[in-house]
There are 2 protein chains.
Amino acid sequence: MPLRFTLRQLEYLVAVGEAGSIAVAAERINVSSPSISAAIAHLEQEFGLQLFVRRHAQGLSLTSAGRQMFDHARQVLAQAGQLNDLAASITQTVQGPLHVGGLITFAQVILPQLRRSFTDLHPQVDFHQSEGDQPELYDRLRNARLDAALGYDLDIPADLAFVPLASLTPYAVLPASHPLAAQASLTPQDLAPHPMVLLDLPLSADYFLSCFHAAGLKPRIVERTRDMGVMQSLVGQGFGYSIANIRPWSGRSPDGQPLRFVPLTGEVRPMQLGLILPAGAQSSLTLRSFVAHCRAQLTPEKVRSLRPGIDPEA
Amino acid sequence: MPLRFTLRQLEYLVAVGEAGSIAVAAERINVSSPSISAAIAHLEQEFGLQLFVRRHAQGLSLTSAGRQMFDHARQVLAQAGQLNDLAASITQTVQGPLHVGGLITFAQVILPQLRRSFTDLHPQVDFHQSEGDQPELYDRLRNARLDAALGYDLDIPADLAFVPLASLTPYAVLPASHPLAAQASLTPQDLAPHPMVLLDLPLSADYFLSCFHAAGLKPRIVERTRDMGVMQSLVGQGFGYSIANIRPWSGRSPDGQPLRFVPLTGEVRPMQLGLILPAGAQSSLTLRSFVAHCRAQLTPEKVRSLRPGIDPEA
DNA sequence: GGTCCAGCCTAACCCCGGCTGAAGCAGATC
DNA sequence: GATCTGCTTCAGCCGGGGTTAGGCTGGACC
């Protein structure tokens, strides 16, 4: 059942109700009086009741019924006007819901503290987070279930934009007892003969393997897992080495085994960590400030896990 | 600042928000998809923000900003829809404000009990009353400050309608000590020689005098007053007789003097008491029920003051 | 009481905005 | 690669709402 009247007609109703005359209402809102007259007639027709009594050379005045309608029409207009205010506040203030996704690999190390500092700065923001692998994040961005996602620049689709934030060189993750654990740096050649535990997530697994393939090598994969913590514990228990771009804060696996993080050198391309956004979207101020916030906060100086170096303990 | 969007556009916004696709929204509300597409585009333009992300062959979905606007648009539409409900309830239920005027002469005897019985029957009605002389009532009816007025059929203007309710024969009001006080009925001829106290209100004074003029007589007016109570007390204190159409309940003047009410006979036209209404107005159900209520209640059986007879005590 | 004036309504016309079907285009699907 | 889906663009139609001009009614004023 579509509404059979317009906001304009309601505007004229309240204008006449306030002015007490079509003529002065017309003057006030810069419209000709026949327009207003027609609008009033339409509303009376539509609602089936008399809104005004005509007093000939003395304007109109509201009937009791008309006053009820008048009062309600005012409320409708006020609320409709709030839509403009709401739109303005969305584009001009940092507020409202913000859905941020994080790549499962490092979400635990990055997202919570980023969320803390951003919501402390902007308490009006209703922050929601979720985690997923890279393709899952792409999907949610396209559904608008996410406003932005933290991830890597791996096969970014054309309909999404990437804002680089930090460059992460890969590490070899080794148990403390590993023969290579004491090295200051390692190459894919050094690692290839040893057994490997692969962090097997879409796209990032391809990246890890590419470090070897670029040098014409093939790693000895003995185990695969989709979980960062499981990978660390497997390494800690001596099942093999692994490759990662992020170090945990503690330098130990979840089950307490000491790990060593040795920078990988040679033919390895560093990984770009950044924000993935819907491309070409005229974004809200909230989203733009979040992007700026990420730029300011996600630096090696402020986030230990992004800092290069041999040992997180150092 | 006129609103630069329409209710229809908001309807389309929520339809698409609910349907998740322009195509199915178009199907649902029987409009072509380009219309909806254009409406959405207009709103995005107008508010300066992106309401939906387009997912090509998979419809649209709301952005975070879009969801905020969507939620608010719903409220606006709901409230606009209530205007229809309000109009319906005005025309179909007995509710809302009702402004009733009463002629000052008898307002005290008639209006309060009428108001009591009507509001007991219809508690939803917000009853307002006011008193005035006949021209004042006409004026307020034309201003729509009154919905109806109780008065006499004296010079009813063409733009007002009259609903007769009771026929009131005039009385001579006499002090108990008056030489004519014991008569069963009196004629203007009987009264003319005696001093008269005139209730001097517009139109009704003309009526009282016409009782004499019709018989070629001229009363001896010794005092005039615009107040019913003052008139009674003047009569009670022996300053003269008076003429009235309504008897007070007690049969005594406000200062306790006994009064006699003797029916006037001869060339006297009875006065019609009735409801005065704006003519040709399509009235609300509330007003129509009030008219019906008056018809049912304002009878000599139910209202003692309307009862003909010599003595109210009888 | 005649004249003037104020203010609403009607008439005639115009134009922008919204609606439509058809065609175009970009992704999704298989 | 072919097909399908679904949004958008295009061209054209139509009507609602805009305007000015003029008629009508009732109040105001001399």
Side-chain angles (χ1 to χ4, degrees), chain A residues 2-13 15-16 19-46 50-62 135 138-139 141-144 157-160 278-280, chain B residues 2-13 15-17 19-46 50-62 66 135 138-139 141-144 157-160 278-280:
Chain A
L3 277 343
R4 310 199 90 86
F5 53 90
T6 77
L7 285 172
R8 180 107 342 127
Q9 288 162 351
L10 297 185
E11 287 179 320
Y12 294 172
L13 164 59
V16 173
S21 136
I22 290 185
V24 346
E27 177 70 20
R28 238 178 246 179
I29 57 183
N30 294 315
V31 195
S32 75
S33 51
S35 300
I36 300 189
S37 177
I40 301 293
H42 180 125
L43 289 179
E44 291 189 326
Q45 169 76 25
E46 173 60 25
Q50 193 175 357
L51 300 173
F52 294 94
V53 288
R54 276 69 173 173
R55 294 181 297 143
H56 300 283
Q58 303 181 126
L60 294 78
S61 42
L62 285 163
Y138 294 160
D139 202 43
L141 282 166
R142 282 198 270 248
N143 285 351
D159 58 339
L160 298 177
Chain B
L3 277 342
R4 309 197 90 83
F5 53 90
T6 76
L7 285 172
R8 180 102 350 122
Q9 287 162 353
L10 297 185
E11 287 179 320
Y12 294 172
L13 163 59
V16 173
S21 137
I22 290 186
V24 344
E27 177 69 22
R28 238 179 246 178
I29 58 185
N30 294 316
V31 199
S32 75
S33 53
S35 301
I36 300 188
S37 176
I40 301 293
H42 180 129
L43 290 179
E44 292 189 326
Q45 169 77 25
E46 174 60 25
Q50 192 177 357
L51 300 172
F52 293 92
V53 288
R54 277 69 173 171
R55 294 183 296 143
H56 300 283
Q58 302 181 127
L60 293 78
S61 43
L62 285 163
Y138 294 160
D139 201 42
L141 282 166
R142 282 197 270 249
N143 286 351
D159 58 340
L160 297 178

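Lettering follows sequence order; numbering is per chain, from 1.
- Atom-to-atom, CG of B:Leu60 to P of C:dA28 comes out at 14 Å; the value is rounded to the nearest Å.
- Counting any heavy atom pair closer than 4.0 Å across all strands shown, B:Arg8 reaches sugar-phosphate atoms only and no base atom.
- Counting all heavy atoms, side chain and backbone alike, A:Arg4 lies closest to A:His42 at O-NE2, 3.1 Å.
- We find that CZ of B:Arg55 is positioned 11 Å from P of C:dT29, with the value rounded to whole Å.
- Put simply, CD on A:Glu46 is 14 Å from C1' on D:dG16, counting in whole angstrom units.
- Position along DNA chain D of the nearest nucleotide to A:Gln58 versus A:Thr6 favours A:Thr6 as the more 5'-ward residue.
- You'll find the side chain of A:Phe5 reaches within 4.5 Å of the side chain of B:Leu7, heavy atoms only.
- Residue B:Glu11 contributes atom CD, which lies 13 Å from atom P of C:dG18 at whole-angstrom precision.
- The closest donor-acceptor contact from the side chain of B:Glu11 to the backbone of A:Leu3 lies under 3.5 Å.
- The shortest side-chain heavy-atom distance between A:Thr6 and B:Thr6 does not fall under the 4.5 Å cut-off.
- For the pair B:Ala19 and B:Ala25, the tightest heavy-atom approach, listed with the atom from each and the gap, is CB-N, 3.8 Å.
- Between A:Gln9 and D:dG17, a side-chain N or O to OP1/OP2 separation shorter than 4.0 Å is present.
- In this entry the distance linking CZ of B:Arg54 with P of C:dC25 reads 19 Å, nearest Å.
- Within a heavy-atom distance below 4.0 Å of DNA chain C, the residues of residues 26-43 of chain B found are B:Val31, B:Ser32, B:Pro34, B:Ser35.
- In this structure, A:Glu44 contributes its side chain and A:Leu51 its backbone to a donor-acceptor pair below 3.5 Å.
- Contacts of B:Tyr12 with the nucleic acid, taken as non-hydrogen atoms under 4.0 Å apart, involve only primed sugar atoms and P, OP1 or OP2.
- For A:Arg55 (side chain) and A:Val53 (main-chain N/O), no donor-acceptor pair under 3.5 Å exists by modelled atom type.
- Atom C1' of nucleotide C:dG27 and atom CG of A:Leu160 are separated by 14 Å, given to the nearest angstrom.
- When distances run from any side-chain atom of A:Ile22 to the nucleotides C:dG18, D:dC7, C:dC8, the shortest one goes to C:dC8.
- Nucleotide D:dG16 holds its C1' atom 16 Å from the CZ atom of A:Phe5, rounded to whole Å.
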